[in-house]
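Working notes for the structure below.
Just so you know, these numbers come straight off a predicted model, no measurement behind them.
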Amino acid sequence: MSRQLATFVLGGAHYGVDVLLVQEALRSQDRTPVPLAPSGVAGLVNLRGEVVLSIDLRHRLGLAPLAEDAEPMMVVVQVDGEPISLLVDEVGDVIDVAESQFETPPDTLDPALRELIVGAYKLPTGLLMALDVQKATAQAA
């Protein structure tokens, strides 16, 4: 049995989320800051008239901030029926992965990151970590 994952890059590592959760992938848009919001909340974006919370996944995963001159991309996912924009470094492809490629999260992962990862898929090009969207957005949403 296989499943499809929408992939993206953060800090040089490859991540994926179930394609059924993804609404769209876009270039970054202007964000309105949210006063007193938890750290990791990048602001609010207007997507065709709908106000959407934007979360900086670099912060959530414990990575250094993106360079000032670099512009993140957005992967808009559905969480509990609401769209949430995840800021990522680069949007990848939709790929098919087989259950035989799936393994539990590597022991070498930082414990904070490990709790946000469902598991990893061994691919010919490297390791693809499957992100738990619910957990990754829980503290910020």
Got a list of side-chain donor-acceptor pairs under 3.5 Å for residues 6-14, not counting sequence neighbours?
residue : atom : partner : partner atom : Å
Thr7    : OG1  : Asp93   : N            : 2.9
Thr7    : OG1  : Asp93   : O            : 2.7

Considering only residues two or more places apart or on different chains, which pairs with a residue in [range] satisfy ring pair (Phe, Tyr, Trp, His ring centres under 6.0 Å)?
| range | answer |
| --- | --- |
| residues 64-86 | none |
| residues 22-50 | none |
| residues 31-72 | none |

field: Intermediate values then yes/no, salt bridge (charged side-chain N to carboxylate O under 4.0 Å, His left out), Arg3 and Asp18
entry: CA-CA 8 Å; Arg3 64 189 280 207; Asp18 191 318; 3.6 Å; yes
- prompt: Side-chain contact, heavy-atom cut-off 4.5 Å: Ile117 with Lys135?
  reply: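 Answer no - side chains too far apart.
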query: Partners of Asp110 by side chain to side chain contact (heavy atoms under 4.5 Å, CB included), sequence neighbours excluded?
result: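 Ala112, Leu113.
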Under the rule for salt bridge (charged side-chain N to carboxylate O under 4.0 Å, His left out), what residues qualify as partners of [X], not counting sequence neighbours?
| X | value |
| --- | --- |
| Glu24 | Arg48 |
| Glu103 | Lys122 |
| Asp89 | Arg58 |
| Arg27 | none |

- prompt: Other than Leu26, what residues sit in its cluster of Ile, Leu, Val, Met, Phe, Trp and Tyr side chains whose heavy atoms are under 4.5 Å apart, directly or through others?
  reply: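 Leu26 shares its hydrophobic cluster with Val45, Leu47, Val52, Met74, Val76, Leu87.
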- request: Under 4.5 Å between side-chain heavy atoms, chaining through other members, with only Ile, Leu, Val, Met, Phe, Trp and Tyr counted: pull out the rest of the cluster around Phe102, sorted by chain and number.
  value: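 Joined to Phe102, directly or through intermediates: Leu5, Ile95, Val97, Val118, Tyr121, Leu123, Leu128.
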[X] side, atom [atom1]; [Y] side, atom [atom2] - distance, nearest 0.5 Å:
| X | Y | atom1 | atom2 | result |
| --- | --- | --- | --- | --- |
| Leu61 | Leu131 | CG | CG | 6.5 Å |
| Leu116 | Leu57 | CG | CG | 9.0 Å |
| Leu20 | Gln78 | CG | CD | 11.5 Å |
| Gln101 | Asp96 | CD | CG | 9.5 Å |
| Asp56 | Ser39 | CG | OG | 10.0 Å |

Report, one line per pair, each donor and acceptor closer than 3.5 Å where one atom sits in a side chain of residues 29-36; sequence neighbours left out.
residue : atom : partner : partner atom : Å
Arg31   : NH1  : Ser28   : OG           : 2.8

task: Kindly indicate, with the supporting measurements, whether the criterion side-chain contact (heavy atoms from CB on, under 4.5 Å) is fulfilled by Val51 and Asn46.
output: CA-CA 5 Å; Val51 177; Asn46 184 338; 5.5 Å; no
task: Mind running side-chain contact (heavy atoms from CB on, under 4.5 Å) on Gln134 and Asp80 for me, showing each step along the way?
output: CA-CA 8 Å; Gln134 291 282 92; Asp80 296 328; 3.5 Å; yes
